[in-house]
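To start, the structure itself, in structure tokens.
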Amino acid sequence: MTSKFEQKLRYGFIGCGMMGQEHLRNLAMIQGAVAAAIYEPDSAMQKLAASFAPEAMFEGSLDALLARTDIDAWVITSPNQCHAEQLAAIVAKNPKPVLLEKPACVDLAGVNALQAILDKASSSNNLPIWTAMEYRYMPPITKLIEEAHRAKHTGEAVMFSIREHRYPFLSKVGDWNRFSRNTGGTLVEKCCHFFDLMRHVMQADPIRVYASGGQNHNHLDEQYGGATPDILDNAYVVLDFANGRRALLDLCMFAEGSRYQEELCVVGAKGKLDCKVPGPGRFWPSELGDAPVAQLTVSQRHKTGADGWTNNPTITAVPLQTLDIPVDKALLAAGDHNGSTFYQHQKFFEMAKAFKAGDKNAKPEVSLQDGLKAVLIGLAAEQSAKMGQAISLTEGSYKL
């Protein structure tokens with residue numbers, strides 16, 4: 001007869017700050033999953049994490065955590081600069097399925113090191129490493145992706161724009177996220193999500209990137225060891241794809257008054273998709289009433305006249321349908337990502353469970369390779385913003 005623990009998938013967590021706690025809250029809603037062990041060096045974060053994972057044991061070091069023989073899956077939610085080294089330790093010492101928070105790493109050295117690990121892991125035991133790209137799993141964006149890939153209303157995606165107008169970076173333990181050396185820079189730390197979405201929607205790798213960005217307002221009055229934070233707070237980033245297709249990111253991190261935090265638009269020759277996603281409910285001003293609900297609008301071009309699309313000045317865009325896409329209130333309360341962390345964990349749980357049952361072909365939906373390409377695009381965008389020129393993504397240091 002098996003015990004309660006033996007029937008469950010047991011997780012080991014590395015790091016349980018703000019994002020780690022969101023993962024713990026969402027994991028707690030998945031039947032059959034349990035956070036069994038945690039390594040978190042900060043005592044205040046330990047206390048908070050314990051309230052979300054009462055069955056978990058806290059280990060005093062990463063080595064002690066990785067020495068455990070009762071873990072079925074790992075979740076890495078530590079500061080960005082720790083990800084590559086910790087993933088390498090898991091692969092070397094206790095290889096089990098990994099959910100790795102983005103970004104996978106913060107510099108080109110990390111990309112190269114993880115690529116070597118990926119090559120070795122893939123050839124030896126097909127270890128599933130899932131890069132946590134939560135934006136794919138926000139219900140309104142999931143619907144946008146489905147419609148874009150189906151192409152019924154739009155045709156092939158030719159243009160894809162993402163506008164994120166939001167609040168500044170939050171304070172984290174030791175304010176590690178104030179410096180590009182720890183984060184990879186804003187266009188890696190924050191925006192690798194969006195570059196992943198661009199690749200996913202376009203179903204292709206971009207061929208070049210051009211970025212213009214700056215630090216105009218945020219964190220300029222802060223000092224850490226005599227140094228001022230160096231992270232961008234606004235940028236435009238253009239990705240070129242083959243065959244004349246392109247994507248645009250419009251980022252502003254001093255625009256917390258926006259009704260919707262993200263606005264995404266996919267356009268093809270037949271029509272367009274517009275998706276609007278609100279920010280975290282806990283930041284919505286209660287005096288403005290209920291927080292907005294995510295929406296997806298599907299529009300098609302309207303043909304009038306015998307000549308169809310060509311040389312016809314009366315062509316107009318006609319809304320086909322606008323869908324409200326509400327998210328369960330319990331999921332909204334469990335995190336800041338529109339329910340996506342829960343849906344991502346559901347899928348990771350099923351993959352890890354299959355792997356434990358002996359299915360060596362269990363695959364992540366978002367691979368480590370996906371994660372590394374998103375980092376490379378972000379690093380190239382940071383370099384482009386510094387140099388003021390386009391960066392190739394088909395040759396040189398940033399080749400995808």
Practice prompt. Would you give the length of the straight line joining atom CZ of Phe355 to atom CG of Leu9, rounded to the nearest 0.5 angstrom?
Written response: 11.5 Å
Item to complete: Give a yes or no on whether a salt bridge exists between Glu365 and Arg136, defined as a side-chain N under 4.0 angstrom from a carboxylate O.
Response: no
Worksheet entry | Over 12 foreign heavy atoms within 6.0 Å of CG, Asp324 | yes
Practice prompt. Please step through salt bridge (Lys or Arg N to Asp or Glu O under 4.0 Å) for the pair Glu350 and Lys347, ending with a clear verdict.
Written response: CA-CA 5 Å; Glu350 293 301 325; Lys347 290 175 177 287; over 6 Å; no
Fill in: With Val238 via side-chain contact (heavy atoms from CB on, under 4.5 Å) - residues at least two apart
Asp240, Leu248
Worksheet item: Quick one: CD1 on Ile76 to CD1 on Ile14, what's the gap to the nearest 0.5 Å?
Response: 4.5 Å
Worksheet item: When you check the gap from the basic side-chain N to the acidic O, do Glu382 and Lys386 get nearer than 4.0 Å?
Response: no
Discussion item. I'd like to know if Asp230 and Arg181 make a salt bridge, using a cut-off of under 4.0 Å between side-chain N and carboxylate O.
Written reply: no
Discussion item. Please verify the inter-ring angle class for His217 with Phe254; under 30° counts as parallel, over 60° as perpendicular, anything in between as tilted.
Written reply: perpendicular
Worksheet entry | Nearest atoms (heavy-atom pairs only) where Thr228 meets Phe179 | O-CE2, 3.3 Å
Discussion item. Side-chain heavy atoms nearer than 4.5 Å, only ILVMFWY residues, links allowed to pass through others: does that put Leu99 and Tyr343 together?
Written reply: yes
Worksheet item: So Phe348 and Trp130, would you call those rings parallel, tilted or perpendicular, with 30° and 60° as cut-offs?
Response: perpendicular
Discussion item. If you count every heavy atom of other residues, nucleotides or ligands that lies below 6.0 Å from Met57 atom CE, does the total exceed 12?
Written reply: no
